[in-house]
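Below, chain A is the first sequence line, B the second, and so on; all start at residue 1. Model, not experiment: these values are computed from the prediction.
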Amino acid sequence: MNSLSRRKFLKISGATVVTAAALAGSAKTIVNAAESFSKKKGLEIIPSYCDLCFWKCGLLAYVKDGELWKVEGNPKDPLSNGRLCPRGTGGVGAHTDKERLKSPLIRKSERGEEKWVEVTWNEAFDYIAEKMNKLKINYGPESMALFSHGIGGSFFKHMMRAYGSPNETAPSFAQCRGPREVGFELTFGDVVGSPERTDIENAKCIVLIGSHLGENMHNTQVQEFSKAVENHASIIVVDPRFSVAASKAKYYLPIKPGTDIALLLAWMSVIVNEKLYDVDYISKYGTGYEQFTAEVSQYTPEWAYIETGIDPEVIRETAREMARYKPATLVHPGRHATWYGDDAQRSRAIALLNALLGSWGRKGGFYVPYSYSIPKYPYAPYPELKKEPLDNPNGKYPFATGEQISTGIREATITGKPYPIKGWFIYATNLIQALPNREETIKAIQNLDLMVVVDVIPSEIAGWADVVLPESVYLERYDDLNASPFREGFVGIRQPVIDAPNDQKPNWWMAKKLGEKLGLGAYFPWKNVEEYLDTRLKLKGHSLEELKKEGIIKGESQPIFFEDGVEPEFLTPSGKIEFYSNQLADAGFDPIPRFTKHPEPPSGYFRLLFGRAPVHTFSKTQSNPLLRDLFSENELWVNADLAERYGLKSGDKIKLKNQDGVVSDPIKVKATERIRQDCVYMVHGFGQKSRQLRSTYKKGASDAELVTQYKTDPLMGGTGMSVNFVTFEMEV
Amino acid sequence: MNELLEITTTRNNPHVDPSMGMWEWQIPVYLFLGGMVAGMMIIAGYFLFTGRHKEKNCSCFFIPIVSFVLLSLGMFALFLDLAHKLYVWRLYTTIQFSSPMSWGAWILILVYPALIANILIKPAKWMTNRIPILTEYSKKINEHPFLVKNIGIANMILGMMLGAYTGVLLSTLGSRPLWNTSLLWVLFLVSGLSAAAAFVHLFAKNKYESELLAKADNGFLVIELFVFVMIFLGLLSSARPHIEAAHLLLSGAYAPVFWVFVIGIGIIVPLIIQLLAVNHKVSHTAIAPILVIVGGLILRFVIVSAGQFSHWFNAHLH
Amino acid sequence: MPRYGMVIDTRKCVGCQDCVIACKTENNIPEGYNRDWIVTESHGKFPDIQMEIRTERCNHCSETPCVSCCPTGASHIHDVGGVVLVTHEMCIGCKACVEACPYDARYIHPDGYADKCTFCVHRVEKGEKPACVSVCPTYCMHFGDLDDPNSEVSKLLQSRKWHVNLPDAGTKPNIFYLV
Ligand code: SF4
Ligand code: SF4
Ligand code: SF4
């Protein structure tokens with residue numbers, strides 16, 4: 001694996017290694033265990049940070065007479081600026097959700113039948129520890145894999161490393177933003193990261209390719225986007241669907257799905273041929289530009305028109321528009337990038353277009369983030385790993401850097417190669433909806449000796465578990481510190497503002513208790529999480545008490561643009577922006593992105609596209625009473641003319657059948673002019689089938705269920721999922 | 001603006017979305033009973049005024065009792081509709097001049113004494129048996145013909161007010177284009193009179209009255225038709241929402257009920273039957289009056305329901 | 001005396017419903033009811049489409065059919081800012097006001113009284129902005145005194161093009177939409 005990349009990854013996540021010596025002195029601080037909230041009278045306002053998605057906006061929770069009233073943004077927080085997104089505002093519903101898991105459960109019949117016995121925490125931990133110890137003896141610790149999403153997983157990651165397993169993954173890489181990070185890293189030597197380092201606010205021209213900001217509510221991005229709209233930024237939206245963002249755009253390009261690379265190449269050819277690029281920037285920081293020009297200049301807008309269906313004149317005009325505002329032109333890298341299996345190359349093309357415009361490191365383009373890094377807890381060193389991670393055997397996907405491939409672990413679980421995986425520990429990620437081809441996931445699950453799910457609701461994946469551990473929601477617990485790399489350095493705290501309603505417990509407590517049962521007590525030297533957090537904060541000269549009060553502590557401000565004095569640094573092999581990538585050429589890939597045609601839907605079939613609604617995150621918020629109230633089931637967007645041809649009206653219910661004969665649950669049609677005729681669209685995360693989560697049961701249809709095909713990105717193992725075709729089944 | 005193609009709203013309030021349906025069966029029932037009672041009060045008042053109470057079997061004796069019962073039923077329906085029932089007394093701690101519903105509350109307060117006074121002119125046997133003093137009162141009233149006349153006048157005036165108010169109530173709610181016509185009160189008044197005439201005709205024992213009521217009813221039905229024409233002409237010559245509202249009844253979703261039940265079965269058919277009857281081509285039967293009464297009830301349902309459906313937004317949707 | 005109103009920039013609104021949820025938590029609106037909501041209106045044929053997204057609520061009109069029809073005086077105009085309010089303990093739940101509002105902005109609360117947007121007077125009287133205004137992640141909503149020519153809202157109305165909803169209904173609404 002690419003060691004350089006690993007290093008950079010560590011750099012942006014703000015980790016610093018601290019020796020145990022630094023611990024002296026600080027460990028003595030004793031912080032009182034959380035007092036109960038329910039007895040308090042009057043209004044209390046407590047800062048914390050949000051968990052409705054991974055953005056981690058700072059919030060203020062209002063607790064009135066011991067009851068949670070509302071949550072608002074924390075004005076001190078640079079991510080939210082005092083305003084949460086709809087999901088964050090609806091966070092109250094995560095606490096009040098009546099369908100939450102209430103006590104630990106152990107499976108009592110076949111996997112997936114959702115029949116349980118309620119047990120005590122002690123019984124649950126005993127059960128898990130016994131199995132994990134057995135696995136360690138029989139197969140080695142690496143036979144356990146951790147799937148974890150969000151910051152709440154950090155204590156479980158620690159537990160797993162202490163236990164001795166190197167296998168730890170999240171669908172956020174191979175099913176989401178992985179290709180983007182790889183494409184950018186190959187070009188600029190660094191990833192886009194999360195929160196994205198996009199300077200939308202100052203951009204004068206914004207190009208969105210399939211990103212539906214406004215429906216996708218990553219708070220800071222939407223706030224900045226709105227400012228850009230107010231400042232009359234020129235917005236170019238490329239999307240097969242007339243998105244909300246498209247309604248704000250100067251140019252809307254209704255592209256044929258699967259042809260984005262052709263458009264990107266044509267844009268670059270216009271910019272190259274008309275010499276509209278940032279000459280200084282390229283000559284200073286670029287390499288391989290000659291080969292790049294020679295290849296790219298052949299892709300005329302006329303050529304791209306045939307593929308994309310976009311008028312060559314519009315391609316020219318929009319390319320010139322981008323050049324007009326350079327370097328303050330941001331070609332947005334997107335986030336969910338796993339579409340067609342050539343996604344890393346598409347992301348690289350986006351990176352190259354940005355490079356031509358000189359926007360990387362520049363105001364109105366991409367800023368250089370930094371984080372207010374808080375030293376790690378000075379744990380004893382982890383046991384030496386006996387085996388390498390198995391997600392990517394023999395570097396099959398040579399550029400899968402930094403993070404592990406979830407579907408790789410799934411495959412190894414099925415095949416038992418290169419070594420067997422016998423246990424899954426799953427934290428807060430509904431793999432049933434997140435991974436493509438559900439059948440494979442279930443097949444892998446059937447191979448397991450142990451499957452543990454930690455969640456707040458009886459999610460679909462919990463339904464398959466042997467042991468389900470109910471977690472308290474974010475408003476009821478501490479989590480690790482958030483020091484995301486951003487425009488300014490800051491650290492935010494998540495702290496409990498209200499008691500958990502039943503026997504739910506925080507993840508740190510579970511990790512510590514289970515760790516102790518596993519004989520890993522030495523890795524949990526702290527008494528409670530307060531002591532852990534305080535220790536870390538003290539190492540930076542702060543204290544838990546201080547952070548609890550403020551919610552946010554900010555660092556000194558620093559320049560974030562080249563023009564303001566940031567030293568440009570490109571951690572590519574050449575140390576430059578690589579217009580021509582030797583790394584790729586050496587590995588047998590296109591050193592400059594090329595367009596390949598993707599299969600098109602057969603007649604009577606339509607490409608299935610999916611995206612997000614502003615009030616939901618993945619498949620984890622559908623039961624939240626506040627959010628469900630506003631959006632309880634998804635709709636199928638069907639072009640109005642197409643709908644008419646099929647005799648469909650808005651509100652009619654139909655089922656979808658995909659190319660492999662998989663049939664969805666009934667879904668309501670939304671007949672609309674706002675989409676092309678060769679694709680249909682739905683919001684992801686619906687059509688859930690956990691029988692214990694009644695409020696979501698078969699509400700709408702699941703795109704994931706229909707994603708039986710996926711195309712693996714040969715560079716990094718990402719799973720392109722927009723390659724499924726569906727047809728309408730009328731009788732419901 | 002371009003042709004509007006798609007409009008979506010995230011609002012989903014019960015009984016408001018997708019179209020207004022706040023008022024269900026209670027209000028049309030109340031409006032119908034109120035209107036019919038109003039008509040009966042006018043008829044009874046007229047009979048008293050013209051001295052017909054001297055006839056032994058004058059309808060003016062059973063009318064107030066029946067009215068009392070029907071109006072109370074109507075008010076009970078209205079009460080059932082109230083969502084905040086415990087606070088109903090709030091109606092009588094104020095009078096809101098701009099609110100027909102407030103006048104209505106007070107008119108109802110006055111209607112009851114007028115009905116009771118009418119009842120007292122010749123209380124029924126079962127009443128005097130229980131409350132012997134009523135005979136006393138009745139005697140006193142009948143000693144003064146002038147008083148009887150005035151009771152008649154009071155009944156007519158209050159009947160008019162009651163009948164008109166049921167229409168005004170709706171027509172002041174200007175946000176529902178169908179109701180937004182100044183002739184709605186005339187329609188409801190006439191329809192109330194025709195239903196009342198039909199109802200009394202059904203039970204009248206006096207030959208003369210029955211004949212008179214049949215003729216009067218024919219007159220009311222003809223006027224009602226005429227008022228309908230005027231209303232539609234008015235709506236069709238106003239703004240687009242009003243035109244759409246008129247079309248709701250004329251050719252839209254409510255057209256079948258409107259044409260078949262309100263106009264056909266409720267007006268035309270009984271009109272023909274009764275015309276033949278008063279000209280002695282056929283004999284009087286209960287058919288025509290029953291059709292008129294049913295038609296009047298359906299009319300209220302149609303107007304209340306279609307009116308709620310008619311809307312400033314819906315007007316753009318087609 | 002001030003006349004409160006809102007000026008909403010439809011160019012910026014993304015229809016995320018944050019305002020709706022903020023209203024629900026701030027004012028304890030029961031499940032299934034909304035005091036505010038999003039309307040999306042689009043014209044044209046794919047791909048040439050114009051679309052307006054706007055957040056709607058009671059317009060706190062200057063001509064108030066919902067107040068004049070109320071038989072008890074429960075539905076009234078507040079002393080401050082011309083805000084249209086309902087006194088719960090005076091309302092009989094006759095629904096006349098719900099029928100009278102051309103915007104369908106009212107509903108009957110499960111507890112029986114007529115309810116709707118209050119312009120968050122309880123916040124405004126403390127000098128805060130309404131909950132929906134202060135939560136909006138696009139900063140598309142502005143609240144203030146329309147009678148004060150120097151207020152932010154008045155200035156926006158002077159400098160930008162705007163429309164109101166259902167001008168023909170004759171209600172003189174006090175919520176303005178910038179285009
Ligand atoms: S973007 Fe929204 S859901 Fe995500 S952390 Fe921020 S407020 Fe919460
Ligand atoms: S429902 Fe209440 S506030 Fe509305 S008009 Fe009736 S009494 Fe007045
Ligand atoms: S002003 Fe207050 S009551 Fe009105 S919609 Fe906004 S949050 Fe709700």
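- Heavy-atom pairs under 4.5 Å with chain B peak, among Gly15(C), Cys91(C), Pro65(C), at Cys91(C).
- When heavy atoms are compared at a cutoff of 4.5 Å, Thr172(B) does not approach chain C at all.
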message = Quick one, Glu89(C) with Arg90(B), criterion side chain to side chain contact (heavy atoms under 4.5 Å, CB included). Give me CA distance, side-chain angles, the key distance, then yes/no.
response = CA-CA 9 Å; Glu89(C) 307 74 45; Arg90(B) 285 285 190 180; 4.2 Å; yes
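- Other residues, nucleotides and ligands place more than 12 heavy atoms under 6.0 Å from the OH atom of Tyr92(B).
- In this structure, Val98(C) and Met20(B) have side chains that are in contact, with non-hydrogen atoms separated by less than 4.5 Å.
- Heavy-atom minimum distance, Ile108(C) versus Ala83(B): CG2-CB, 3.5 Å.
- Rounding to the nearest 0.5 Å gives a distance of 13.0 Å between CE of Met51(C) and CG of Leu5(B).
- The CZ atom of Arg106(C) sits 13.0 Å away from the CG atom of Asn13(B) when rounded to the nearest 0.5 Å.
- Within a 6.0 Å radius of NZ in Lys85(B), other residues, nucleotides and ligands contribute more than 12 heavy atoms.
- Side-chain contact between His109(C) and His84(B) is absent, with no heavy-atom pair separated by less than 4.5 Å.
- Contact of Trp23(B) with chain C is made through backbone and side chain together, with heavy-atom distances under 4.5 Å.
- The main-chain N or O of Cys101(C) is found under 3.5 Å from a side-chain atom of Arg176(B) such that the two form a donor-acceptor pair.
- Interface summary for chain B: among Cys97(C), Ala114(C), Ala169(C), the most heavy-atom pairs under 4.5 angstrom belong to Ala169(C).
- Contact annotation for Arg35(C): neither backbone nor side-chain heavy atoms come within less than 4.5 Å of a heavy atom of chain B.
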task = Take Thr72(C) and Leu91(B), measure what side chain to side chain contact (heavy atoms under 4.5 Å, CB included) needs, and give me the verdict at the end.
result = CA-CA 5 Å; Thr72(C) 67; Leu91(B) 280 171; 4.2 Å; yes
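- Note that CD1 of Ile92(C) and CZ of Phe79(B) are 10.0 Å apart. Values are rounded to the nearest 0.5 Å.
- Most heavy-atom pairs under 4.5 Å with chain B, from the set Ala96(C), Gly32(C), Cys94(C), Gly112(C): that is Gly112(C).
- Within a 6.0 Å sphere centred on CE of Met230(B), heavy atoms belonging to other residues, nucleotides or ligands number 12 at most.
- Remark: side-chain polar atoms of Arg11(B) are not paired, donor with acceptor, to backbone N or O of Asn34(C) under 3.5 angstrom.
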query = Does the side chain to side chain contact (heavy atoms under 4.5 Å, CB included) test come out yes or no for Thr10(B) and Gln17(C), once each step is laid out?
reply = CA-CA 9 Å; Thr10(B) 64; Gln17(C) 305 197 64; 3.6 Å; yes
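- With chain C as the partner, the residue from Gly104(B), Pro14(B), Ala105(B), Gly174(B) showing the most heavy-atom pairs under 4.5 Å is Pro14(B).
- Most heavy-atom pairs under 4.5 Å with chain C: of the set Asp81(B), Leu78(B), Asp17(B), this distinction falls to Asp81(B).
- Between the Ser175(B) side chain and the Glu99(C) main chain, a donor and an acceptor come within less than 3.5 Å of each other.
- A 4.5 Å side-chain heavy-atom check between Asp168(C) and Arg240(B) finds every atom pair outside the cut-off.
- Other residues, nucleotides and ligands place no more than 12 heavy atoms under 6.0 Å from the CE atom of Met160(B).
- For Cys70(C), the part lying under 4.5 angstrom from a heavy atom of chain B is the backbone only.
- Residues Pro71(C) and Gln96(B) approach most closely at O-CG, 3.4 Å, considering heavy atoms.
- No more than 12 heavy atoms of other residues, nucleotides or ligands lie within 6.0 Å of CZ in Phe261(B), so this atom counts as exposed by the packing criterion.
- The NZ atom of Lys95(C) sits 9.0 Å away from atom CD of Gln308(B), with the distance rounded to the nearest 0.5 Å.
- In this structure, the separation between SG on Cys69(C) and CG on Leu170(B) is 11.5 Å, given to the nearest 0.5 Å.
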